[in-house]
Amino acid sequence: MYTKFGRVKPARYLFDEMPVRNEASWNTMMSGLVRVGLYEEAVDFFRKMCDLGIKTSSFVIASLVTACGRSGSMLSEGVQVHGFVAKSGFLSDVFVGTAILHLYGVYGLVSCSRKVFEEMPDRNVVSWTSLMVGYSDKGEPEEVIGIYKGMRVEGVEFNEHSMSLVISSCGLLKDESLGHQIIGHVIKSGLKSKLAVENSLVSMFGNLGNIDYAKYIFDHMSERDTISWNSIAAAYAQNGHCEESFWVFHLMRHFHDEVNSTTVSTLLSVLDHVDHQKWGSGIHGLVIKMGFDSVVCVCNTLLRMYSGAGRSEEAELVFKEMPAKDLISWNSLMACFVEDGRSVDALGLLCSMIRTGKSVSYVSFTSALAACFSLELLDKGRILHGLVVVTGLFDNQIIGNALVSMYGKIGEMSEARRVLLQMPRRDEVAWNALIGGYAEHEDPNKALTAFRTMRAEGVPANYITMVSVLGSCLMPGVLLEHGKPLHAYIVSAGFESDVHVKNSLITMYAKCGDLSSSQDLFNRLDDRNVITWNAMLAANAHHGHGEEVLKLVSKMRSFGLNLDEFSFTEGLSAAAKLAVLEEGQQLHGLAVKLGFEQDCFILNAAADMYNKCGEIGEVVKMLPPSINRSLPSWNILISAYGRHGYFEKVCETFHEMLEMGIKPGHVTFVSLLIACSHGGLVDQGLAYYDMITRDFGIKPAIEHCVCVIDLLGRSGRLAEAETFISKMPVKPNDLVWRSLLGSCKIHGDLDRGRKAAEHLTKLEPEDDSVYVLSSNMFATTGRWEDVESVRKEMDLKNIKKKQACSWVKLKDKVSTFGIGDRTHPQTLEIYAKLEDIKKLIKESGYVPDTSQALQDTDEEQKEHSLWNHSERLALAYALMSTPEGSTVRIFKNLRICGDCHSVYKFVSRVTGRRIVLRDQYRFHHFESGVCSCKDYW
DNA sequence: TTAGGGTTAG
């Protein structure tokens, strides 16, 4: 009696005082100990019984085994009981056998469970169910379904618990046809109206992406518990219907009392792909208010929420303040660091896990391996590889994949291949990682060979395979041999309907130089997503079609598509290249409105746009304060100051950057050297050039060398420039000789100019610029017979000079002008305005520099031809079509002519207008008779 | 019976 009421003290007293005890007394006492949860004492008691040879009943043994499972830390005691049971023949009892297999399942030893299960002479539905529970808890739904099939073959009748397990496993496997099969079974079995079964059905349909069925079941349930509500909320959440999932939460609070931590976790998981700005901080507050901020799982989702929004600092804060952390918390933060590019922090986290003896799983290693993506981290990656082998995790499929991926990303392809070959099973992820590595680091042949081997091994390719293989064909010259055959394969294998594959095809054709095929694919695609549009933006940008990029961006907007970071970056950089401030400003405004203000790429693209549109004030205003400025931001700032002639600011900024501990990069030095070159700061430029290798260990690239040649050449130090070319660490290219030729033109050095021109023609026989530059060099020095011979050579080789043109953009209309153009509808007014300008500036001291006229004619003719220059026509048109006092913006496809430059200066003084001119190379910013380039360009 | 961490591409 006492044991039945849980009163163990009096029961124990009575037992101890009993003069005679029979089997029943011992068994009753032991059951009592189990009932009150004194499991360890029960096991000791049982040992004593065994020693004394007291018989026990199968019921008592089963309850004892169950107790060992329930305690969570009594596996070894359970195993001892198992040993006794095996010796005394109790295993043939179905209750005992089931209890033991359940015990092993609880401790994750499913193979032991299965062994016991297979040796059992009799099994009931609970035995089958217990086996399922083991696999389900281990996260192996395919095994659960295997057991389900076995049960059906043997004709076992299902109970509520086993049916629920089967249903949810089916959902996890996302196997729709199995789902339908199971539904039929559920209806026949008569278990359909059981609460747990209905809950599982809601959850299964959620996992299968069939939200309508999930909702139907939920709506028709006769009773609902918290799990039902949570399941429907999760169904909405998993399928991206975040508003609905919040609505469920709202209804729950009205119609159902309980909201538990699972509800909150579900809601938080939605915030991964929802507008973080709108919901994130509020939800965090709510979690604290409801007192769930101490539940590990809730905190983990909270952490994941910040991580998904790219806010690793906040995620870190959540982690630090968690009252209890589990393995998933550590792994989540590590993954967050990896996603945010904080590789060192991620690896540090793994180190402290190991150092403090925390448990580490294959997931921890997977994240750590993903952190090692660049050459500097190769050593760390190799150590991890060693650890993986030592800890016996090498055979884990996902670890193997992560290893191949790591070596692939770094470009250690022989290592990547070696790991792949050692893997017990090579799945498509492993092959894709290898192919991706080849695509990134080696030639297309390697990637294609790997693809063929993969197919020969019978591993089915998926869309990612196709995307990866296509990624190896992103260069001109491989279209016929590789690109087109791949496209043919894609069509025949049925991958063409996949939007990702189509996007990659668009990119492939564009990078192979066939933009019209990209355009074709794009036009024929009806399920375009943002990535499709982005691929098309990149395709046009790659071909230098900035206007088309902007047109596409505005189409995206008119179709109501959500522009993402990539679209904005691409749009802004197109606006920067075209120097169209208005479009750039609009895009930037929209990006800010949509919450992308903090995005590093967009921020830099916008700053660069303002920079290239001449709005230096805006650049300085918008860049983050120096304390958290990224390297690209510093580079943009240096370039901006250089572009506008603030050379002291250039040096100041560079030194500030060094003081902040930022290591300058390749681009920083390009910006610095260009600034020096434009400012005529020759010695300072040379000093910076020396710093590149001496102080920062960077190997000078061809761009840096071109800058130095420009620097020396423009200032007339042509002999030094020539010596520099002969000694520089990289092979001279066309830009080198073009720069030298340009300088020879400025300084009238005909001999060196000729030599440079010869080198240039060898490298670029089709290029018109060499002929134009030589011809201009001869013309400005009056060598008209040489001008004529260059012209004849051009005719002979059928090389056409690129026509100069200038344009003005007013509202949405672009007006373009060629030399002496008379096609504009307002031509008469334009030429009249030009006459006014001529008169006005001559009165204030303008004298034409006729050496800039490149024909051998008399002075008057020369002056006349200067007044036909496209940039003057554009200027006249712009002045007459824009309000008094406003800034005039003009573009030219080639370099501005020297005399036009002087005309612009005079006009800016006489009219008081600010004029901004973008030519092929740079920006000129005229105000009150002075140009920002200080006449040195 | 419901919720949280991982590998390939983008």
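For the numbers below, each heavy atom of this structure counts, side chains included, while hydrogens, waters and symmetry mates do not. Each chain gets a letter, A, B and so on, in the order its sequence line appears, and its residues count up from 1.
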Mind checking [X] for me? I need base, sugar-phosphate or nothing, with any heavy atom below 4.0 Å counting as a touch.
X	answer
A:Tyr463	base
A:Tyr362	base
A:Val296	base
A:Leu327	base
A:Val467	sugar-phosphate
A:Thr366	sugar-phosphate
A:Ser200	sugar-phosphate

Under 4.0 Å between a side-chain N/O of [X] and OP1 or OP2 of [N], yes or no?
X	N	answer
A:Ser332	B:dG4	no
A:Lys409	B:dT8	yes
A:Gln238	B:dT2	no

Once hydrogens and angles are ignored, does a donor-acceptor distance under 3.5 Å link the base of B:dG4 to the side chain of A:Asp326?
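Present.
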
Under the 3.5 Å rule, do the base of B:dG5 and the side chain of A:Ser361 count as making a donor-acceptor pair?
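Yes, the side chain and the base share a sub-3.5 Å donor-acceptor pair.
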
Among the nucleotides [options], which one has an atom lying closest to any side-chain atom of [X]?
X	options	result
A:Ala402	B:dA3, B:dT1, B:dT7	B:dT7
A:Ser269	B:dG4, B:dT8, B:dT1	B:dG4
A:Ser203	B:dG5, B:dT2, B:dT7	B:dT2
A:Cys297	B:dT1, B:dG4, B:dT7	B:dG4
A:Asn432	B:dT7, B:dT1, B:dT8	B:dT8

Do A:Glu316 and A:Arg342 sit within salt-bridge range, that is, some charged N less than 4.0 Å from a carboxylate O?
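A salt bridge is present here (some side-chain N lies under 4.0 Å from a carboxylate O).
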
Separation of atom CG in A:Asn260 from atom P in B:dT2, rounded to whole Å:
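Computing the A:Asn260:CG to B:dT2:P distance gives 13 Å.
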
Whole Å only: how far is the OH atom of A:Tyr407 from the P atom of B:dT8?
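The distance from OH of A:Tyr407 to P of B:dT8 comes to 15 Å, rounded to the nearest Å.
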
Do A:Tyr135 and A:Glu142 make a side-chain contact, defined as non-hydrogen atoms from C-beta onward lying under 4.5 Å apart?
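No - every pair of side-chain heavy atoms lies 4.5 Å or more apart.
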
Is the ring pair A:Phe495/A:Tyr489 parallel, tilted or perpendicular, if the boundaries are 30 and 60 degrees?
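Plane angle between 30° and 60°, so tilted.
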
Will you find, in the side chains of A:Asn503 and A:Asn534, an N or O donor that is under 3.5 Å from an N or O acceptor?
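Side-chain D/A pair, A:Asn503 to A:Asn534: absent.
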
Test item: side-chain donor near acceptor, A:His441 and A:Glu412, under 3.5 Å
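Judged by distance alone, the side chains do not pair up.
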
